[in-house]
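To start, the structure itself, in structure tokens.
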Amino acid sequence: MTCHAVVLIPGDGIGPEVVEAVVRVVNATGVAIDWRRAEAGAAAAARNGTALPESTIDAVRAAGVAFKGPTATPIGGGFASANVALRRALDLYANLRPVRSQEGVPTRYQDVDLVVVRENTEDLYSGIEHIVVPGVVESLKIITERASTRIAEFAFAYAEREGRQRVTAVHKANIMKMSDGLFLDCCRRVARAHPAIAYDEIIVDACCMRLVENPRRFDVLLLENLYGDIVSDLCAGLVGGLGLVPGANLGDTCAVFEAVHGSAPDIAGKGAANPTACLRSASLMLRHLREPEAALRIDRAIDRVLAGGGPRTPDLGGDATTTRYVDALIAAL
Ligand code: NAI
């Protein structure tokens, strides 16, 4: 049996609680994992003076795969985001977020099945800001042909591989004619090389309205970093909230799996965190590690418990603690 090396980054807030749930459930599938614990985030910054120690980056480089809990980033000052730094240090250029309706979780929409593909390395997340004169701040949006082409190629290759029908590029090129214009030029060029996949474009504000109106009309959404960040949370709201939606940060040599949600400081330490988003991310990780059967067992256990009216956490209208929900999942594996 292969033993897979996976770097485990618990993170901040509810991070340690949901990451522990992942370790319990993945271990219960019987897949052998060498979990290598590493630090990142606010607690790491307080301990080491940096939110992303070099040793953590080295550990992920060596293992090639990491599972990460959410890490907190101070607002309006303080240290820079460990997430952004990790994605850039390891060139994890593609952020993949499948958004699906969950049976047994009542929402306004049924049968939502779309995928957010978010560029993960540039845009306004380059963090290049300066004071021009007191009272005037400039923040630079960097869009390159290389990163835009690479993420478009990723989206089309993913669509072909997963039997998806259409890629929709989301932009604001009516206003940002040069930066979003370049992004669209790259998307169009890549689309021409993939004639089997339909391609269209939509302005980001209209996209948000159409998503709320009828999310079923979308298939694969292809977005720059900032629009991808915002639209991901919107999409999570369509299917039952941030407790459900998984994610993967993928590069050519490394992959880091994590939920879309943040550290949820409002519920941290209360045993109320929903680990489903992390468990679905763990399922993506197991597929990446070529353990598809274990991935399927986790997905089916979640479906069985939630669709069958089993215990659920307060965000889904239940009263179960994280631990009680995870016990039910393990029983259902
Ligand atoms: P958040 O996603 O942490 O929380 C938003 C709301 O959703 C809160 O009411 C929270 O209780 C709820 N929620 C989130 N995940 C949940 C779960 N698993 N179960 C039940 N309820 C859940 O977003 P917020 O409050 O804007 O950010 C908090 C911190 O997280 C910030 O420091 C932010 O920088 C960081 N963050 C980190 C991310 C990462 O590490 N990938 C992603 C997003 C935010």
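FYI, the numbering just counts along the sequence from 1. Side chains are part of it too, since the values below use all heavy atoms of this structure and drop only hydrogens, waters and symmetry mates. Everything numeric here is computed off the predicted structure, so don't read it as measured data. We count ligands from 1, going down the list as the structure has it; atoms in each ligand are counted the same way.
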Nearest 0.5 angstrom please: Tyr158 OH to Arg164 CZ, how far? 5.5 Å
Is a side-chain donor-acceptor pair under 3.5 Å present for Arg97 with Ser232? yes
My understanding is that only residues two or more places apart in sequence, or in another chain, count here; which of them pass ring-ring contact (aromatic ring centres under 6.0 Å, His included) with Phe218? none
What donor-acceptor contacts under 3.5 angstrom involve side-chain atoms of residues 235-255, with partners at least two apart or in another chain?
{"from": "Asn249", "atom 1": "OD1", "to": "Arg87", "atom 2": "NE", "distance (Å)": "3.3"}
{"from": "Asn249", "atom 1": "OD1", "to": "Asn95", "atom 2": "ND2", "distance (Å)": "3.2"}
{"from": "Asn249", "atom 1": "OD1", "to": "Asn120", "atom 2": "ND2", "distance (Å)": "2.8"}
{"from": "Asn249", "atom 1": "ND2", "to": "Val256", "atom 2": "O", "distance (Å)": "3.1"}
{"from": "Asn249", "atom 1": "ND2", "to": "Glu258", "atom 2": "OE2", "distance (Å)": "3.0"}
{"from": "Asp252", "atom 1": "OD1", "to": "Tyr93", "atom 2": "OH", "distance (Å)": "3.1"}

Return a table of donor-acceptor pairs under 3.5 angstrom between the side chains of residues 261-270 and protein atoms on other chains or two or more places apart.
{"from": "Lys270", "atom 1": "NZ", "to": "Asp266", "atom 2": "O", "distance (Å)": "3.0"}

Lining ligand 1 at under 4.0 Å, by non-hydrogen atom distance, are residues Ile14, Lys68, Pro70, Thr71, Ala72, Thr73, Asn83, Leu242, Gly243, Glu258, Val260, His261, Gly262, Ser263, Ala264, Pro265, Asp266, Ile267, Ala273, Asn274, Asp315
Show the nearest heavy-atom pair for residues His4 and Val31, with the distance to one decimal. CD2-CG1, 3.8 Å
